Number of protein chains: 2
Amino acid sequence: MKPNIHDVAKIAGVSSTTVSRVLNNRGYISEKTKEKVYKAMEEINYFPNDLARSLFNKRTNLIGLIIPNSSNPFYGELTFHIESICASLGYKLLLCNSLNRIDKEEKYLEMLIRNQVDGVVVVTYNRGILNYEKQNLSVVAIDHYLSKNIPVVGSDNYSGGKKATELLIMKGCQYIVHINGPIELQTPANLRRKAYEDVMKEQGRLPITYEVSPLQSHKEVISKLFDEHPEVDGIFASDDLIAASVIAESKKRGKEIPTQLKVVGYDGTEAVQVLLPELTTIQQPIDLIAKSAIDILLKQIEGEFNNFPLETYLPVKLLEGGTT
Amino acid sequence: MKPNIHDVAKIAGVSSTTVSRVLNNRGYISEKTKEKVYKAMEEINYFPNDLARSLFNKRTNLIGLIIPNSSNPFYGELTFHIESICASLGYKLLLCNSLNRIDKEEKYLEMLIRNQVDGVVVVTYNRGILNYEKQNLSVVAIDHYLSKNIPVVGSDNYSGGKKATELLIMKGCQYIVHINGPIELQTPANLRRKAYEDVMKEQGRLPITYEVSPLQSHKEVISKLFDEHPEVDGIFASDDLIAASVIAESKKRGKEIPTQLKVVGYDGTEAVQVLLPELTTIQQPIDLIAKSAIDILLKQIEGEFNNFPLETYLPVKLLEGGTT
DNA sequence: CTGAAAGCGCTTACAG
DNA sequence: CTGAAAGCGCTTACAG
């Protein structure tokens with residue numbers, strides 16, 4: 001059996017109240033008593049039960065993170081930063097991979113509520129489905145609007161989309177096509193598309209956007225793009241994995257990069273920098289996104305409403321590689 | 001305030017004992033009472049507090065996962081599979097990124113114990129440092145020996161190393177060099193090296209292994225390798241990220257792949273398959289590794305010792321790409 | 001400076 | 001079929 005606070009008390013020859021006070025460093029305790037208690041804890045290898053503490057305190061220091069899939073380098077990296085920041089602040093992370101499935105998100109959310117998490121960080125495409133507010137749970141969303149009252153943190157998508165499109169134009173591309181997720185998903189990533197379209201129109205060009213589903217293979221859509229627009233010589237993909245698929249398809253068709261086709265991605269994760277360093281991409285400040293999200297979440301948890309912005313967009317950086 | 005079981009009881013006009021029985025579907029309860037209780041729970045949006053349940057049951061259904069860094073595609077993917085399997089079995093995952101630092105691992109382990117996790121999955125290079133057994137906690141290790149009594153799950157490293165080396169030989173490479181982590185880390189991955197050395201010796205060739213640190217950049221070591229062995233025409237890297245760095249260095253030096261240099265990696269994650277599809281690599285069955293690890297951990301948790309193997313090595317697959 | 005008692009939100013013998 | 005009581009391992013007023 002695991003030792004409890006009474007076992008410690010008995011060995012130290014004090015009451016469990018005193019042990020608790022030593023544990024929490026609260027109230028006045030004589031140095032001598034403190035030492036006895038510490039020695040007793042050491043002796044029987046005692047660790048306080050956080051379940052019991054949390055039950056009393058109504059505070060678990062537990063944060064839930066719902067992401068689509070940690071296999072994806074962007075989410076894997078985001079998860080790393082969020083967890084690291086949490087750990088440094090004494091919070092623990094309950095990880096949930098929703099695969100973007102509403103049923104899973106609902107189950108996970110209920111699980112998090114039952115486990116009394118202090119707050120939740122959500123990355124989901126399923127907007128408005130979950131009644132996050134009903135439970136008056138502290139929530140922060142990354143890169144996705146959930147409702148009017150839930151703060152969103154992400155990269156400066158408009159600026160990123162603009163940088164990508166302008167680079168392709170500057171490099172002399174004549175037929176620039178954009179690939180993005182479905183426009184129905186009202187995510188801030190739509191701003192990448194908006195920026196692309198704005199810049200194209202400004203230049204008197206016709207914006208053409210192909211839509212890929214976040215759940216399905218991008219191959220057919222990309223193949224279709226090449227079939228329908230053989231003249232394409234510039235592609236701005238809304239994430240690096242799509243960009244990699246574009247490069248693969250281009251190779252398959254004997255279209256040389258960057259001479260015949262230039263490609264720009266989005267995300268710029270560490271994995272991409274190692275595995276596909278030649279890719280030109282718009283790098284998201286994943287560490288800052290994580291930091292801001294947690295900052296905002298903790299403010300909510302501490303009850304400081306109105307002391308944080310509802311939308312936070314952090315600066316992106318153009319990483320120029322050999323694909324442009 | 002969140003409603004509790006007494007609030008439900010009051011509304012349903014029964015005792016909290018009865019509500020608990022409905023919740024747990026235990027004992028005999030009339031259909032009518034059940035319905036009243038369910039209606040009451042619905043009405044006030046009641047969710048049971050798992051902290052209180054766990055405190056009583058001495059079972060949290062919480063699993064801790066300690067990995068070096070979820071930014072790494074291999075660990076990100078492993079994390080995804082482990083979490084998914086846990087979720088499907090009613091377990092929840094507490095994620096810990098140790099960065100391979102002993103101090104962090106110790107802190108995380110203590111945190112997990114305080115949170116009363118039912119078991120821990122560990123991926124660490126710090127062998128023998130942590131006294132996992134002392135706490136008589138259920139533990140399973142992935143790809144790393146922790147102690148005699150802690151079961152290890154991983155890929156069939158020897159077979160993988162053999163396949164990689166034999167492929168390079170078959171493809172006609174004359175000077176094959178291997179890159180691996182430090183041999184002091186007594187991980188099963190040393191078997192990749194052992195297999196390489198065995199095959200080389202069998203062929204009357206001289207095995208040459210360069211060691212990279214898991215924490216530092218691989219660039220200098222790879223650069224040194226090319227400097228010291230300009231004749232190298234085959235490299236077996238012990239993971240895909242190292243392989244990617246080899247490819248980059250090779251390009252920098254104008255050494256053409258696969259004509260002048262052939263490269264084989266190890267891991268074969270989804271991320272690599274999308275971002276660097278031309279890489280020939282030994283693919284680990286990450287899903288099976290996750291499944292086996294959880295199987296074994298749950299057996300320990302259920303007290304079925306001796307009903308699981310201490311070492312499990314799962315079959316690898318050669319993925320041939322353009323780098324050989 | 002220290003302790004006895006009550007309570008956090010549950011569950012399970014025990015009794016009826 | 002249902003309820004009162006005790007207890008899981010803590011913490012915090014309250015009293016001394």
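Please read all numbers here as calculations on a predicted model, not as lab measurements. Proteins come first, then strands; the chains are lettered A, B, ... in the order of their sequence lines, and each starts at number 1.
Nucleotide dT2(D) holds its P atom 8 Å from the CD1 atom of Ile29(B), rounded to whole Å. The distance from atom NZ of Lys36(B) to atom C1' of dG3(D) is 13 Å, rounded to the nearest whole Å. Atom P of nucleotide dG9(D) and atom CD1 of Ile113(B) are separated by 16 Å, given to the nearest angstrom. Atom NZ in Lys2(B) sits roughly 10 Å away from atom P in dG9(C) (whole-Å rounding). One atom, CG of Asn24(B), and another, P of dG9(C), lie 17 Å apart when rounded to the nearest Å. The CG-P distance, from Asn115(A) to dG9(C), rounds to 16 Å in whole Å. Distance Leu51(A) CG to dT11(D) P: 13 Å, rounded to the nearest Å. Note: NE2 (His6(A)) to P (dT11(D)) measures 11 Å, nearest angstrom.
Look at Lys39(B) and Glu35(B) and you find no salt bridge, because none of the NZ, NE, NH1 or NH2 atoms lies under 4.0 Å from a carboxylate O. Between Lys291(B) and Asp295(B) there is a salt bridge, since at least one side-chain N of the basic residue sits less than 4.0 Å from a carboxylate O of the acidic one.
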Q: Check the pair Arg53(B) / Asn24(B) against side chain to side chain contact (heavy atoms under 4.5 Å, CB included), numbers first and verdict last.
A: CA-CA 11 Å; Arg53(B) 293 181 130 183; Asn24(B) 293 287; 3.3 Å; yes
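One finds a side-chain N or O of Thr33(A) lying less than 4.0 angstrom from the OP1 or OP2 phosphate oxygen of dT2(C). For dG3(C), the OP1/OP2 oxygens have no side-chain nitrogen or oxygen of Thr17(A) closer than 4.0 Å. Distances shorter than 4.0 Å separate some side-chain N or O of Tyr46(B) from OP1 or OP2 on dC10(C). Dashed line: the shortest gap from a side-chain N or O of Arg26(B) to OP1 or OP2 of dT12(C) is under 4.0 Å. Contact annotation: Thr18(A) reaches the phosphate of dG3(C) (side-chain N/O to OP1 or OP2, under 4.0 Å).
Residues Ile66(A) and Lys104(A) form no side-chain contact, since every pair of their non-hydrogen atoms from C-beta on lies 4.5 Å or further apart. At least one side-chain heavy atom of Leu95(A) sits less than 4.5 Å from a side-chain heavy atom of Ile67(A). Contact check for Leu65(B) versus Val120(B): no side-chain heavy atoms found under the 4.5 Å cut-off.
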Tabulated below should be each protein N or O lying under 3.5 Å from an N or O of nucleotides 6-8 of chain D; please produce it.
from: dC8(D); atom 1: O3'; to: Lys58(B); atom 2: NZ; distance (Å): 3.0

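In this model, no donor atom of one side chain and acceptor atom of the other lie less than 3.5 Å apart for Asn149(B) and Ser147(B).
Which of dG3(C), dC10(C), dG3(D) sits closest to the side chain of Val14(B) comes down to dG3(D). The side chain of Ile5(B) sits closest to dC10(C) out of dT11(D), dT2(C), dC10(C). When distances run from any side-chain atom of Arg21(B) to the nucleotides dC14(C), dT11(D), dC1(D), the shortest one goes to dC14(C). Checking dC1(D), dC10(C), dT2(C) against the side-chain heavy atoms of Ser30(A) singles out dT2(C) as nearest.
Ser70(A) and Asn97(A) get closest at one heavy-atom pair: N-OD1, 2.7 Å. Nearest heavy atoms, Asp143(A) versus Gly154(A): OD1-CA, 3.5 Å.
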Q) Reading DNA chain D 5' to 3', what string of ( ), [ ], | and . shows its pairs, if Watson-Crick and G-U wobble pairs count only when both distances fall under 3.5 Å? A) |||.||||||||.|||
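Just one residue in the list Thr60(B), Leu62(B), Ile63(B) forms a side-chain contact (heavy atoms from CB on, under 4.5 Å) with Lys92(B), and that residue is Leu62(B).
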